Amino acid sequence: MPESSRPGGVGAEAGQSGSMPFVGIPSFLKLPVVPPDAPGWHFLILGLPYDEGASNRPGARFGPRAIRNASTLYSYEGGAELFDVELGRKILTGARIADAGDVPIVPGGGRQNREAISDAVRRILASGAIPVCLGGDHSVSAPVLRAVSDSSATPHLVHLDTHMDFDSYLPPHTHGTPIRHAIEEGLVSGVTQIGIRGLNSGHEDWLEARRRGVRVVTAREFRTRGSAHALEQVPEEEALYLSIDIDVFDPSIAPGTGTPEPGGLGYPEVVELVRELARRGPILGVDLVEVNPAYDHGEITAILAARLLLDVMGAVWEARSG
Ligand SMILES: [Mn+2]
């Protein structure tokens, strides 16, 4: 086992650290699996295999497993040697990351599932770690935000998505409604949406979201005016929560999702945006939702999701470490 294994990483005795990506048990990055309240971790990965909020094509319940499996691509040397050639430096050096497993979702669980999600996130926050949640459909963001706003500051929500998720047409607690919940319940201090496009965000909902102070940067605006314009919408020196719906990306690079929409963002500009966001305010928690392996091809969506999560954690870690 190489000396450089991630601090607290999986022991060589388990055949995880130092093994090839295709060997071993696919926790996130093949890191140790610990309870959500395990102390001493900087980031805890939490799977939310829930997709009963899907309004159309289900299957995002298999997202956490697909992302974990894809993440093993980056697990050489226990994930401790993440040298980013483009940055010219290692990322996540010294960061203690573990996998807190999945929330025990049950079919038809409704409120029980939402409470179980909030409970697990509360436990992670109480342990001092930053929760990094793998969806699941986007309805999971509301119970996650409930836990975040209970446990720490009420964050400003930065929401990367095709859709506004501010729907008044769908029943409550679906993946089209988490942003409405977050605002109506006072779980967030404000919302900035980036990447919005397509034909499935209703006009009335659009108007109402604007009336409630939601700042919207469409995909077109983002392309033409750049990430600087998007960042201007995010208040300075406020705690942030980052919710990334994988469908914010163009379907050509992220086909594995329930409601793809042409004209989406590319990977490099999203990573750049995330780095700048992390410098702008402390990021209290993250979710990445709507990866649906049933519609994926060549695992490209899952691999994109896994890589992006490493970038996000790397940006948060770098901002935090100064
Ligand atoms: Mn969404």
Side-chain angles (χ1 to χ4, degrees), residues 48-64 67 114 117 132-146 148 155 157-185 187-188 191-202 205-206 208-209 212 214-219 222 230 240-251 253-265 270 273-274 285-296 301-302 304-305 308-309 312:
L48 309 176
Y50 179 86
D51 63 10
E52 290 179 15
S55 58
N56 194 16
R57 306 195 295 179
R61 69 180 61 183
F62 297 110
I67 296 168
R114 293 192 293 277
I117 291 169
V132 178
C133 304
L134 317 179
D137 74 60
H138 215 154
S139 67
V140 301
S141 292
V144 172
L145 278 164
R146 210 163 283 139
V148 171
L157 169 63
V158 180
H159 171 216
L160 276 58
D161 202 325
T162 290
H163 314 95
M164 296 178 71
D165 291 358
F166 202 82
D167 208 285
S168 55
Y169 171 77
L170 292 169
H173 310 299
T174 72
H175 71 166
T177 55
I179 308 307
R180 181 178 282 275
H181 276 287
I183 291 174
E184 287 178 353
E185 287 185 44
L187 308 178
V188 294
V191 179
T192 303
Q193 304 189 314
I194 300 164
I196 305 297
R197 64 190 186 279
L199 304 175
N200 281 330
S201 294
D205 298 334
W206 159 266
E208 194 189 335
R212 290 181 183 237
V214 175
R215 304 159 193 210
V216 180
V217 179
T218 65
F222 187 81
L240 304 176
Y241 178 89
L242 180 59
S243 181
I244 304 172
D245 188 324
I246 199 75
D247 69 26
V248 75
F249 290 102
D250 194 77
I253 58 167
T257 192
T259 49
E261 185 77 39
L265 308 189
V270 168
L273 173 70
V274 165
V286 178
D287 65 57
L288 196 164
V289 299
E290 298 286 353
V291 171
N292 186 337
Y295 297 101
D296 207 0
T301 314
L304 171 67
L308 182 65
L309 286 169
V312 169

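Indexing begins at 1, ligand by ligand and atom by atom, following the structure's order. Each residue takes its place number in the sequence, starting with 1. As the structure is a computational prediction, the values presented were derived from the model and not from experiment. Values below: all heavy atoms of this structure, side chains included; hydrogens, waters and symmetry mates excluded.
Proximity of Val289 to Asp161: side-chain heavy atoms (C-beta onward) are nowhere separated by under 4.5 Å. Counting only heavy atoms from C-beta outward, the side chains of Ile194 and Phe222 approach each other to under 4.5 Å. Considering only heavy atoms from C-beta on, Asp247 stays 4.5 Å or farther from Glu261 through its side chain.
Between His173 and His181, the ring-plane angle classifies as parallel under the 30° and 60° cut-offs.
A cation-pi arrangement is absent between Arg61 and Tyr50, since the terminal nitrogen or guanidinium carbon is not both under 6.0 Å from the aromatic centre and inside a 45° cone about the axis.
Listing protein N, O or S atoms at distances below 2.8 Å from the Mn ion (ligand 1), with waters left out, gives His138 ND1, Asp161 OD2, Asp165 OD2, Asp245 OD2.
A search for side chain to side chain donor-acceptor pair (under 3.5 Å) contacts involving Arg212 returns Glu208, not counting sequence neighbours.
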